[in-house]
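Okay, structure first, notes after.
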Amino acid sequence: QVQLVESGGGLVQAGGSLRLSCAASGRPLSSYAMGWFRQPPGKEREFVSAISWSGGHTYYADSVKGRFNISRDNAKNTVALEMNSLRPEDTAVYYCAADDDPTKSPYEYAYWGQGTQVTVSS
């Protein structure tokens with residue numbers, strides 16, 4: 001079992017930046033693919049970004065490409081999401097997710113955190 005805890009959310013003005021962090025416990029993250037999702041108010045959960053177990057491959061939703069950056073530190077068992085040039089439409093609860101099956105779609109990841117709220121004011 002893997003437990004994931006997100007942190008770093010908060011209130012920021014449009015154009016600002018936030019750095020989300022996801023800390024894992026239970027098992028080393030080094031063999032897990034990791035991802036970030038978000039759920040805007042009144043909408044379904046959507047994919048934001050993912051990173052392979054080695055960090056060698058990263059993936060982004062078109063809506064965040066060029067503004068967000070995902071990274072991981074397997075030694076510290078953490079994954080981060082650096083969010084820049086934030087927009088009001090980035091407002092959502094952000095979730096960290098993980099799975100040790102690299103063939104799975106991120107939507108099928110087995111382990112999920114509780115989420116952290118990000119609010120971007122205009």
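In this structure, R72 contributes its side chain and G55 its backbone to no donor-acceptor pair below 3.5 Å.
Between T91 and P41, the shortest heavy-atom distance links the atoms O-CD, 3.6 Å. Contact between A14 and S122 at its shortest, heavy atoms only, is CB-CA, 4.3 Å. When all heavy atoms of A110 and K104 are compared, the closest pair comes out as CB-NZ, 4.4 Å. For L11 against S121, the heavy-atom pair with the smallest separation is CD1-CB, 4.3 Å. Of all the heavy atoms in L29 and N77, the pair that sits closest is N-OD1, 2.7 Å. Of all the heavy atoms in A80 and R19, the pair that sits closest is CB-NH2, 3.5 Å.
The side-chain heavy atoms of P40 and E46, taken from C-beta on, include a pair separated by under 4.5 Å. Annotation: side chain of M83 is in contact with side chain of L20 (closest heavy-atom distance under 4.5 Å).
Y59 and Y109 fall within a single hydrophobic cluster, where Ile, Leu, Val, Met, Phe, Trp and Tyr side chains are chained together by heavy-atom contacts under 4.5 Å. In terms of hydrophobic clustering, with Ile, Leu, Val, Met, Phe, Trp and Tyr side chains grouped at heavy-atom distances under 4.5 Å, L18 and I70 are assigned to a common cluster. Under a hydrophobic-cluster definition in which Ile, Leu, Val, Met, Phe, Trp and Tyr are linked whenever side-chain heavy atoms come within less than 4.5 Å, directly or via other members, W112 and I51 are assigned to different clusters. With hydrophobic clusters built from ILVMFWY side chains whose heavy atoms lie under 4.5 angstrom apart, W53 does not share a cluster with M34. Note: the hydrophobic cluster containing V79 also contains L81 (ILVMFWY, side chain heavy atoms under 4.5 Å, direct or indirect links).
Between W36 and F68, the ring centre distance reaches or exceeds 6.0 Å.
Within 6.0 Å of NZ on K76 lie no more than 12 heavy atoms contributed by other residues, nucleotides or ligands. Atom CZ of R27 is surrounded by 12 or fewer heavy atoms from other residues, nucleotides or ligands within 6.0 Å. Within a 6.0 Å radius of CD in Q114, no more than 12 heavy atoms belonging to other residues, nucleotides or ligands are found.
Partners of A23 under the side-chain contact (heavy atoms from CB on, under 4.5 Å) rule, at least two apart in sequence or in another chain, are T78.
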Mind running side-chain contact (heavy atoms from CB on, under 4.5 Å) on R38 and D90 for me, showing each step along the way?
CA-CA 9 Å; R38 66 187 182 187; D90 294 318; 2.9 Å; yes
Residues N69, Y60; criterion side-chain contact (heavy atoms from CB on, under 4.5 Å); working and verdict
CA-CA 8 Å; N69 183 67; Y60 298 92; 3.3 Å; yes
Stepwise salt bridge (charged side-chain N to carboxylate O under 4.0 Å, His left out) check, K65 with D62:
CA-CA 5 Å; K65 203 170 292 183; D62 288 344; 3.1 Å; yes
Determine, stepwise, if the pair E108 / D99 fulfils side-chain contact (heavy atoms from CB on, under 4.5 Å).
CA-CA 8 Å; E108 300 174 322; D99 203 285; over 6 Å; no
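Both tests hold for R45 against Y95: distance to the six-membered ring centre under 6.0 Å, angle to the ring axis within 45°.
Classification of the F47-Y107 ring pair by plane angle, with boundaries at 30° and 60°, yields tilted.
Remark: E6 CD to Q117 CD distance equals 12.0 Å, nearest 0.5 Å.
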